[in-house]
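What you see is a predicted model, and the numbers here were worked out from it, not measured in a lab. Numbering starts at 1 and runs along the sequence shown.
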Amino acid sequence: MPWPFASAWSGWPPSVRGVPAAAAVRFSHAALDRGGRTVLRDVDWEVGRGQRWVILGPNGSGKTSTLLLAGAYDHPTRGTVDVLGHRLGRVDVRQLRLHIGFVSASIAKLLRFELPAADVVMTGKYAALEPWWQEYSDEDRARARSLLADAGFGYTADRSFGVLSEGERQQVQLARALMGDPELVLLDEPNAGLDLGARERLLHRLAALAADPATPPIVLVTHHVEEIPLAFTHALLLREGEVVASGPMREALTSDTLSSCFGLGLKLLEEDGRFACRAV
């Protein structure tokens, strides 16, 4: 029996690579309560086709909660959230997630460390955690290796995921997120725990993806402006679950908005398209 979701998926407006002409993500007065407290409050936010967003904010500001809603791993308590043209609460999220590439530490912990890196990448085609749950073709195996090679990490293909460095694992996770030709890519603090070299290699890969018009919309969560890749276009700043600023990068990301976001006088610096920040 076909999924009930399939007929809804075929009803897109005209699009490029399946991404609707309308927003890839749309929050309308979205709120999220968890554990008796409100973690997101009245959030309006829209991710358009071709946009590359960074979400910034201090710990506890609601960044990951926002990403979980955008990834269809949670539902709003109030307001609405539409992902790839489908409203949460009215769609089979299991099928919706097949069209979303998601990178997070929580997923990495669920992956079996004995799996070869190429197999980890391959599971991304079906948003699975193990390769034995579905059938994969020789073309799938070749694509998984190609994605690693494109990032400069083809040498990891036959190595166990568990023996890779943290930087290598993040590159494998990113390749896994791209395996299924997603229509939305979500990255939850991919630079966390990386040394300087690994961080810069990952930022270089993300910048290349962001500059490619064939890449779907990207949303990246981070604590640090230094981790914003080149070619990212928009910023969402959150504090205590509320929007401080949202919009094109150089309008939403300023010394003033950063100071309001983090509750500290901050000066934003920019050189060759990369940002830095210090207290004043």
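In this structure, R97 forms a cation-pi arrangement with Y73, its terminal cationic atom sitting closer than 6.0 Å to the ring centre and no more than 45° off the ring axis.
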Evaluate side chain to side chain contact (heavy atoms under 4.5 Å, CB included) for L236 paired with L238, printing each intermediate quantity in order.
-> CA-CA 7 Å; L236 171 67; L238 297 174; 4.2 Å; yes
Would R145 and D158 count as a salt bridge (Lys or Arg N to Asp or Glu O under 4.0 Å) if you check the C-alpha gap in whole Å, the side-chain angles of each, and the deciding distance to 0.1 Å?
-> CA-CA 9 Å; R145 290 176 175 272; D158 296 312; 2.5 Å; yes
Evaluate side chain to side chain contact (heavy atoms under 4.5 Å, CB included) for R26 paired with W45, printing each intermediate quantity in order.
-> CA-CA 6 Å; R26 181 181 288 117; W45 177 48; over 6 Å; no
Test side chain to side chain contact (heavy atoms under 4.5 Å, CB included) on F232 and L220 and set out the steps.
-> CA-CA 9 Å; F232 268 56; L220 164 72; 3.7 Å; yes
Chi angles and distances behind the side chain to side chain contact (heavy atoms under 4.5 Å, CB included) call for L96, L88 | CA-CA 10 Å; L96 181 56; L88 298 188; 4.0 Å; yes
N191 and H224: CA distance, side-chain angles, deciding distance, side chain to side chain donor-acceptor pair (under 3.5 Å) verdict | CA-CA 10 Å; N191 293 294; H224 308 292; over 6 Å; no
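Checked by atom type, the side-chain pair S65/R34 shows a donor-acceptor distance below 3.5 Å. Remark: the S260 side chain and the T257 side chain contain no N/O donor-acceptor pair separated by less than 3.5 Å. In this model, no donor atom of one side chain and acceptor atom of the other lie less than 3.5 Å apart for D92 and H86. There is no side-chain donor-acceptor pair under 3.5 Å between E168 and Q171. Neither side chain, E130 nor W132, offers a donor N or O lying under 3.5 Å from an acceptor on the other.
Cluster membership check: V243 shares its hydrophobic cluster with I55, using side-chain heavy-atom separations under 4.5 Å among Ile, Leu, Val, Met, Phe, Trp and Tyr.
Using a 4.5 Å heavy-atom cutoff, the side chains of W53 and L186 are not in contact. The closest side-chain heavy-atom distance from F102 to L184 is not below 4.5 Å. Inter-residue side-chain proximity for L209 and L174 is flagged as met; some heavy-atom pair is nearer than 4.5 Å. At a threshold of 4.5 Å between non-hydrogen side-chain atoms, the residues L148 and V172 count as touching. Proximity of V225 to L56: side-chain heavy atoms (C-beta onward) are separated by under 4.5 Å at one or more points. Within the 4.5 Å cutoff, no side-chain heavy atoms of T156 are placed close to those of F161. Within the 4.5 Å cutoff, no side-chain heavy atoms of P76 are placed close to those of T80. Two residues are said to be in side-chain contact when any heavy atoms from C-beta on lie closer than 4.5 Å; V39 and R37 meet this criterion.
A donor-acceptor distance shorter than 3.5 angstrom exists from the side chain of S104 to the backbone of I107, with no hydrogens or angles considered. Side chain of R239 to backbone of C261: a donor-acceptor contact under 3.5 angstrom is found. Of the possible polar contacts, one joining the D195 side chain to the A198 backbone as a donor-acceptor pair under 3.5 Å is found. Within the 3.5 Å criterion, the main-chain N or O of G193 finds no donor-acceptor partner in the side chain of E166. Using a distance-only test at 3.5 Å, with no hydrogens or angles considered, no donor-acceptor pair links the side chain of R159 to the main chain of P116. Proximity of a side-chain donor or acceptor of S259 to a complementary backbone N or O of L266 within less than 3.5 Å is detected. Distance alone, capped at 3.5 Å, places no donor-acceptor pair between the T215 side chain and the A210 backbone. At least one donor-acceptor pair under 3.5 Å links the side chain of D44 to the backbone N or O of H29. A donor-acceptor contact shorter than 3.5 Å is absent between the side chain of R41 and the backbone of L32. Remark: the backbone N or O of V81 is not paired with any side-chain donor or acceptor of R87 at under 3.5 angstrom.
Look at D140 and R143 and you find no salt bridge, because none of the NZ, NE, NH1 or NH2 atoms lies under 4.0 Å from a carboxylate O. Of the charged side-chain nitrogens involved, at least one lies within less than 4.0 Å of a carboxylate oxygen, so that D33 and R78 count as a salt-bridged pair.
For the residue pair L69 and V83, the shortest heavy atom distance occurs at O-CG2, 3.9 Å. For the residue pair L40 and T38, the shortest heavy atom distance occurs at O-CG2, 3.0 Å. Across every non-hydrogen atom of A31 and D42, the tightest pair is CB-N, 4.1 Å. Among all heavy-atom pairs drawn from R176 and L129, the shortest one is NH2-CD2, 4.1 Å. Nearest heavy-atom pair, R205 versus L178, reported as atom, atom and distance to 0.1 Å: NH2-CD1, 4.1 Å. Nearest heavy atom pair, residue P182 against residue G101, reads CB-N, 3.4 Å.
To the nearest 0.5 Å, atom CG of residue L237 and atom CD of residue E242 are 13.5 Å apart. Here the straight-line distance linking atom CD1 of I218 with atom CZ of R52 works out to 5.0 Å at 0.5 Å rounding. Taken from OG in S246 to NE2 in H234, the straight-line distance is 8.0 Å, to the nearest 0.5 Å. Atom OG1 of T123 is separated from atom CZ of R112 by 10.5 Å, given to the nearest 0.5 angstrom.
In H204, the NE2 atom is not crowded: 12 or fewer heavy atoms of neighbouring residues, nucleotides or ligands sit closer than 6.0 Å.
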Please tabulate, for the side chains in residues 271-280, all donor-acceptor contacts under 3.5 angstrom to protein atoms that are two or more places apart in sequence or on a different chain.
residue, atom, partner, partner atom, Å
R274, NH1, E200, OE1, 3.1
R274, NH2, E200, OE2, 3.1
R274, NH2, E226, O, 3.0

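Partner of L187 under the side chain to side chain contact (heavy atoms under 4.5 Å, CB included) criterion, chosen from L206, V221, T222: L206. Screening Q173, M179, R141 for a side chain to side chain contact (heavy atoms under 4.5 Å, CB included) with V121, the sole residue that qualifies is M179.
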